[in-house]
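The block underneath contains the structure these notes are about, expressed in structure tokens.
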2 protein chains.
Amino acid sequence: MEFGRNTGSPLWRQIRDDIAGQIRSGQVAPGERLPTEFSFAEQYSVNRHTVRQAIADLVEMNLVRVEQGRGTFAREPMLDYPLSDSTRFSDIALAKNCCPAGILLDHGDEQADRRIADALTVPLGAPVIRVELAGEVDGHRVFVSTAYFPQDRCQGIVSHFQQSGSVTKALAAVGIVEYKRKTTRVQARLPTPTDARVLKQERYRPVLVTESINVDAEGSPVEFGITRFASDWIAITVET
Amino acid sequence: MEFGRNTGSPLWRQIRDDIAGQIRSGQVAPGERLPTEFSFAEQYSVNRHTVRQAIADLVEMNLVRVEQGRGTFAREPMLDYPLSDSTRFSDIALAKNCCPAGILLDHGDEQADRRIADALTVPLGAPVIRVELAGEVDGHRVFVSTAYFPQDRCQGIVSHFQQSGSVTKALAAVGIVEYKRKTTRVQARLPTPTDARVLKQERYRPVLVTESINVDAEGSPVEFGITRFASDWIAITVET
DNA sequence: ACCGATTTGTTCGTATGTATA
DNA sequence: ATATACATACGAACAAATCGG
């Protein structure tokens with residue numbers, strides 16, 4: 001099947017397969033920027049719309065990612081977030097040797113609603129500390145997380161987090177040196193407008209949501225976390 | 001805070017909270033149809049658009065589900081799919097005592113592509129059996145699944161499935177009496193048009209995707225399955 | 001803080017061939 | 001054979017985001 005008009009298959013599909021071949025063969029490295037739509041159009045002697053149709057299909061196939069005003073990029077492989085009883089955010093990085101960063105977005109004192117009280121096994125209305133966190137890998141926002149800590153055991157945890165940048169270290173600083181993931185629920189949703197903005201992703205790209213309860217060595221809950229992962233970047237893996 | 005105009009909070013939010021209260025208190029049972037938008041509008045003496053804004057927020061809060069042309073329904077609680085090494089589809093049902101059904105949609109012989117070959121540890125191009133399956137609970141489509149079996153070990157598995165309606169029994173019939181889930185990857189995506197149709201869900205509602213490898217007692221792969229769950233109905237739970 | 005250049009996103013319109021009822 | 005719908009392809013214009021100076 002040679003390239004051109006009237007060859008039986010539509011132009012946009014031929015263009016799609018040509019670009020796909022360049023990516024799969026490694027001629028274009030993951031993360032690298034592809035030529036502009038306009039220059040593709042010149043190269044193949046077609047309209048920009050035709051190139052756009054090809055690219056739209058490559059997005060669907062998850063081979064490229066498009067950013068308005070910036071360009072079209074070959075997709076980096078997705079990051080695996082291994083869901084074991086002791087995974088920390090930094091573990092994502094270890095597997096890919098890239099730099100993770102946790103960013104404190106907001107925090108405050110609240111009273112436990114039904115859901116939080118159930119998860120932390122504290123009375124309804126008990127004081128809890130809320131911490132909003134974002135995570136980046138290689139400059140990409142990959143998750144935003146809301147964590148609740150029982151106030152009686154975690155006094156001052158926010159300032160410890162600000163110093164160390166790590167939930168694990170902050171918990172250790174308030175005397176909880178060992179904690180484990182007990183249960184996790186995984187759901188898929190569309191992001192709230194706020195989450196979409198914080199994750200810098202479009203409103204209609206789904207998020208992977210985990211609700212997890214972390215317990216200390218005695219088995220009593222010390223953290224209830226709701227994490228929204230950018231589904232374009234993160235897959236959760238479970239070994240059983 | 002009493003109901004009415006000029007009370008400080010917008011009408012649609014008051015209406016939203018009123019309806020939310022009726023659902024949470026159980027005055028409206030899960031799955032039950034709510035009054036029409038028009039009758040809500042009459043009841044609260046507001047425009048239908050005001051009611052629609054309240055309902056849109058209730059959808060966002062996951063308290064109701066809207067079906068075009070049918071009405072607005074109080075959300076049934078989501079089904080938990082526990083992800084252990086030996087969960088079968090029928091386990092969803094046991095927890096909720098409702099009736100599950102597996103439906104064979106399609107099947108065929110294929111040659112393993114890169115991904116399937118890697119998962120099943122067979123050579124590239126080796127013959128595999130593809131089985132497309134849908135799952136229903138209480139008359140709702142909750143998942144659609146594509147499973148690949150190595151042909152040499154699973155000859156005739158399709159007809160066994162047709163007789164028993166169970167993957168477990170079909171595998172047993174070809175001599176694989178024990179198998180375990182080894183690894184699972186969980187992702188969130190938007191459904192393909194086909195999946196959206198089969199799941200009877202809108203194009204922009206996400207699906208939870210699991211890719212799992214099942215191995216026999218000796219640890220060699222006997223099934224590679226890609227399951228797309230309707231994210232409105234199913235959450236995955238992991239105990240660690 | 002602003003401007004202009006670059007690049008993708010969206011929406012009009014037009015035309016043609018093909019499959020379908 | 002006719003009408004209708006759909007996919008393909010092109011053209012022009014403008015909106016929106018990004019980036020460098």
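Below, chains carry the letters A, B, ... as their sequence lines are ordered, and counting in each starts from 1.
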Does [N] have OP1 or OP2 sitting under 4.0 Å from an N or O in the side chain of [X]?
X        : N       : value
Asn47(A) : dG11(D) : yes
Arg52(A) : dG9(C)  : yes
Gln53(A) : dA9(D)  : no
Arg48(A) : dC10(D) : no
Thr72(A) : dT8(C)  : yes
Arg33(A) : dT7(C)  : yes

Side-chain donor/acceptor pairs under 3.5 Å, residues 190-197 of chain B, sequence neighbours excluded:
from	atom 1	to	atom 2	distance (Å)
Thr192(B)	OG1	Asp195(B)	N	3.0
Thr192(B)	OG1	Asp195(B)	OD2	3.4
Asp195(B)	OD1	Arg228(B)	NH2	3.1
Asp195(B)	OD2	Arg228(B)	NE	2.9

Separation of atom [atom1] in [X] from atom [atom2] in [N], rounded to whole Å:
X         : N       : atom1 : atom2 : value
Gln201(A) : dA17(D) : CD    : C1'   : 17 Å
Trp12(A)  : dC10(D) : CH2   : P     : 14 Å
Arg5(A)   : dT16(C) : CZ    : P     : 14 Å
Phe38(A)  : dG11(D) : CZ    : P     : 11 Å
Ile55(A)  : dT10(C) : CD1   : P     : 14 Å
Ile15(A)  : dT8(D)  : CD1   : C1'   : 12 Å
Gln68(A)  : dT6(C)  : CD    : C1'   : 12 Å

Would you say the ring centers of Phe3(A) and Tyr44(A) fall short of 6.0 Å from each other?
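Yes, ring centres under 6.0 Å apart.
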Test item: Ile226(A) and Thr210(A) side chains (from C-beta on) under 4.5 Å apart, heavy atoms:
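No, every pair of side-chain atoms sits at 4.5 Å or beyond.
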Side-chain heavy-atom pair Gln187(B), Glu211(B) within 4.5 angstrom cut-off
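They are in side-chain contact.
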If you only use heavy atoms from C-beta on, which nucleotide in [options] is closest to the side chain of [X]?
X        : options                   : answer
His49(A) : dT7(C), dT11(C), dA16(D)  : dT11(C)
Leu11(A) : dC10(D), dT10(C), dA16(D) : dC10(D)
Glu37(A) : dG9(C), dA9(D), dT7(C)    : dG9(C)
Thr36(A) : dT10(C), dA9(D), dT7(C)   : dT7(C)
Val66(A) : dA9(D), dT8(C), dT18(D)   : dT8(C)

Regarding Arg75(A) and the six-membered ring of Trp233(A), is the cationic atom NZ or CZ under 6.0 Å from the ring centre and inside 45° of its axis?
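Here Arg75(A) passes the 6.0 Å and 45° test against Trp233(A).
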